[in-house]
Amino acid sequence: MSDSTFYVTTPIYYVNDAPHIGHGYTTVMGDIITRWHRQRGESVWYLTGTDEHGQKVLRKADQNGVSPQEWVDKLVEEEWKPLLETIDIANDDYIRTTEQRHLDGAKAFWQALYERDAVYKGSFSGYYSVGAEEFVGDDDVADGEGDDEGFKVSKLDGSRVEHMTEENYFFRLSDYQQKLLDFYDANPDFIQPESVRNELISFVSRGLRDLSISRSTFDWGIQVPWDDKHVMYVWIEALLNYVTAAGYGVDDERFKELWPANIHIVGKDIARFHAVIWPAMLMAAGQPVPHQVFAHGWILVGGQKMSKSKANGIRPDEIVDTFGSDAYRYYFARALTFGSDGSISWEDMHARYHAELANGFGNLASRVAAMIGKYFGGVLPAAGETTAAEQKVIDLVAETVAEADAAIEAVAPQDALSAVWRIVDELNGYLTEQAPWQVAKDESAGDRLATILATAAEGLRVLAVLLNPVMPKASAVLWGSLGAEPTLGALADQRIDAVAAWSQLPAGATITKPASLFPRIEAAAE
RNA sequence: GGGGAGGUAGCUCAGCUGGUUAGAGCAGGGGACUCAUAAUCCCUGGGUCGCGGGUUCGAGCCCCGCCCUCCCUACCA
């Protein structure tokens, strides 16, 4: 572990895309994990941001008749930062690759590579599409037909390509094949999950070529420090955000505190950049390598109601508008196995929202608050003698908290939630069995009634704390309805390692019935 | 071609290094209750565990072959 701070990152998102549920998914998962770690009392740093250089951005800006800087400013402010609000992300930092600190840090990093002889000048040959203004991979080149007979064309857009050679700087990636394999071997958890690890090991085992890492045909990028005719290839520059945001080259104190990162959360499509190229660059620069690259899977859309087109066409705010940010966060964390591909659908979201959130959890909060209101005037009674039924609840809570915490440690939020939900189910069952509404009819059983409701309220207290990382809004409402803050303090300060200790809510606390945590949604969307 | 992952109840998925009658949630069916968001609780349905062989006292989990789906096999981020 890094000596002090638990540092988690998302990829920085390429501004040319519009935010879609995939971005939201990655970002939410990181947010859940970091919020949980904060409630473990750890020092945590959660970074996300945007990748803003490169030829595609430049071209898009040109098409829109604005400077690239204006273009990315607009996208960041109108599309990307609002996404964080929409899905309720508590990031500690947001890095833009157009910020000065990134320019400075990136140049410092390159300088270090250069001085350590990890970079050299060479020439890159390949097929270049004049129309598309970019190199086309050999596999995407085909023999032309018809008018293009005798020429090579790009399979991507059909444009003619010609073989060109360009002077570029190269990174000696080929030097790192064995070092990487040794590293993977010594750090089996570095790449997760296993399937991705296997693929990357086999990829590296086949051999690595040096990497062309600069471009000289356009200038929307960061200049190579010793050669202003070149800008850094955007991928290589983008990876550097993880260290530049941590203060590399400009703030040693801060850098030492944050680096190396604990987890880089990425989609499996970019796992290779993060688990092969990135560690090699760090080794080359003499920096420690992150502890883990966690690659999540694809989100598949089941059924057809979900969208007109495809999942990637769906914007997070469509879901949030209907179900709210808490449900969005819950759904992706609960319904998918982090690290595997998984299916989502509007129907499933609707079903889980009602079965698990509204009927299971929300209704539980309602019924307990309502009964304390009805039988005790909204004042939490002191619990009396604990029977086997209460002990069962108490034991289950202790067990589940440990289980959930272990699941988060293993980067398995879905398992953490399924553990926590056992508390929801247990409490609903406990209430039905103890039937406080029956006990209330017996004038002489006031003590028993108090015990039942105090136990249920304690259970809700635990749920508010445990679910806060996943559903901060609903948890805050619940925390308020339990009247917990005056004596126990802020919800975000409640520690996971102390949550299972019983009888924390003091007798006399003011319990109010909250508005429905998750109101039923009758109108089927679309 | 080489490599990786997966094909388990209507749906979404669990099933650790092989071991009693293969599980959960949801959906469906029946019942109980009324504090609550027409909620909750209990019971219930029997799926050739992709196909065919094999190893074993015993395989969904091991081996062989085959079928199907998805992914990787580097310089778009």
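Reminder, nothing fancy here: chain letters follow the sequence lines and each chain counts from 1. Every value quoted in this text rests on a predicted model; they were computed, and no experiment measured them.
Comparing the C1' positions of B/rU48 and B/rG60 gives a spacing of 12 Å, expressed to the nearest Å. The separation of B/rC72 from B/rG10, taken at their C1' atoms, amounts to 34 Å, rounded to a whole angstrom. When the P atom is used for both B/rA27 and B/rG65, the distance is 44 Å, rounded to whole Å. Straight-line distance between the C1' atoms of B/rC49 and B/rG7: roughly 10 Å, to the nearest whole Å. Using C1' as the reference atom, B/rA36 and B/rG4 are 50 Å apart when rounded to the nearest Å. With both ends at atom P, the span from B/rC63 to B/rC75 equals 34 Å, rounded to whole Å. A gap of 10 Å separates the C1' atoms of B/rA22 and B/rA9, to the nearest Å. Rounded to the nearest Å, the gap between the P atom of B/rU20 and that of B/rG58 is 14 Å.
Ion pair A/Arg422/A/Glu403 flagged as a salt bridge, since at least one NZ, NE, NH1 or NH2 atom sits closer than 4.0 Å to an Asp/Glu carboxylate oxygen.
In this structure the side chain of A/Tyr430 reaches within 4.5 angstrom of the side chain of A/Ile452, judged on heavy atoms. The closest side-chain heavy-atom distance from A/Tyr233 to A/Tyr169 is not below 4.5 Å.
Mapping A/Arg206 and A/Leu431 onto RNA chain B via the closest heavy atom, the residue that lands nearer the 5' end is A/Leu431. Projected onto RNA chain B by closest heavy-atom contact, A/Ser366 and A/Val424 fall at different nucleotides, the more 5' of which corresponds to A/Ser366.
Between A/Lys513 and B/rU37 there is a side-chain N or O to OP1 or OP2 distance below 4.0 Å. For the pair A/Arg520 and B/rA39, the criterion of a side-chain N or O lying under 4.0 Å from OP1 or OP2 is met. Checking the phosphate oxygens (OP1, OP2) of B/rC76, no side-chain nitrogen or oxygen of A/Asn16 falls inside 4.0 Å. Note on A/Arg272: a side-chain N or O is less than 4.0 Å away from OP1 or OP2 of B/rU73. Between B/rA77 and A/Tyr233, a contact under 4.0 Å exists linking OP1 or OP2 to a side-chain N or O.
Taking every side-chain heavy atom of A/Leu208 into account, B/rA74 is the closest of B/rA74, B/rA77, B/rC70. Distance from the side chain of A/Ser202 is smallest to B/rG3 among B/rU40, B/rU12, B/rG3. Closest to the side chain of A/Leu211, out of B/rC35, B/rG2, B/rC75, is B/rC75. The side chain of A/Asn198 lies closest to B/rA5 when the candidates are B/rA5, B/rU40, B/rU37. Side-chain proximity of A/Phe203 to B/rU40, B/rU73, B/rA77: nearest is B/rU73. If you check B/rG4, B/rA74, B/rC13 against the side chain of A/Thr337, the one that comes closest is B/rC13.
Taking the centre of each ring, A/Phe323 and A/Tyr331 stay at or above the 6.0 Å mark.
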Legend entry - Dot-bracket notation for RNA chain B, counting Watson-Crick and G-U pairs under 3.5 Å, with | for partners on another strand: (((((((..((((.....[...)))).(((((.......))))).....(((((..]....))))))))))))....
Distances for protein N or O near nucleotides 31-34 of chain B N or O, under 3.5 Å:
| residue | atom | partner | partner atom | Å |
| --- | --- | --- | --- | --- |
| B/rU34 | OP1 | A/Gln438 | NE2 | 3.1 |

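Side-chain atoms of A/Asn363 and base atoms of B/rA36 include a donor and an acceptor less than 3.5 Å apart.
For the ring-ring contact (aromatic ring centres under 6.0 Å, His included) criterion with A/Tyr330, the lone passing option out of A/Tyr353, A/Trp421, A/Phe518 is A/Trp421.
Of the possible donor and acceptor atoms, none in the side chain of A/Arg448 sits under 3.5 Å from a partner among the backbone N and O of A/Gln434.
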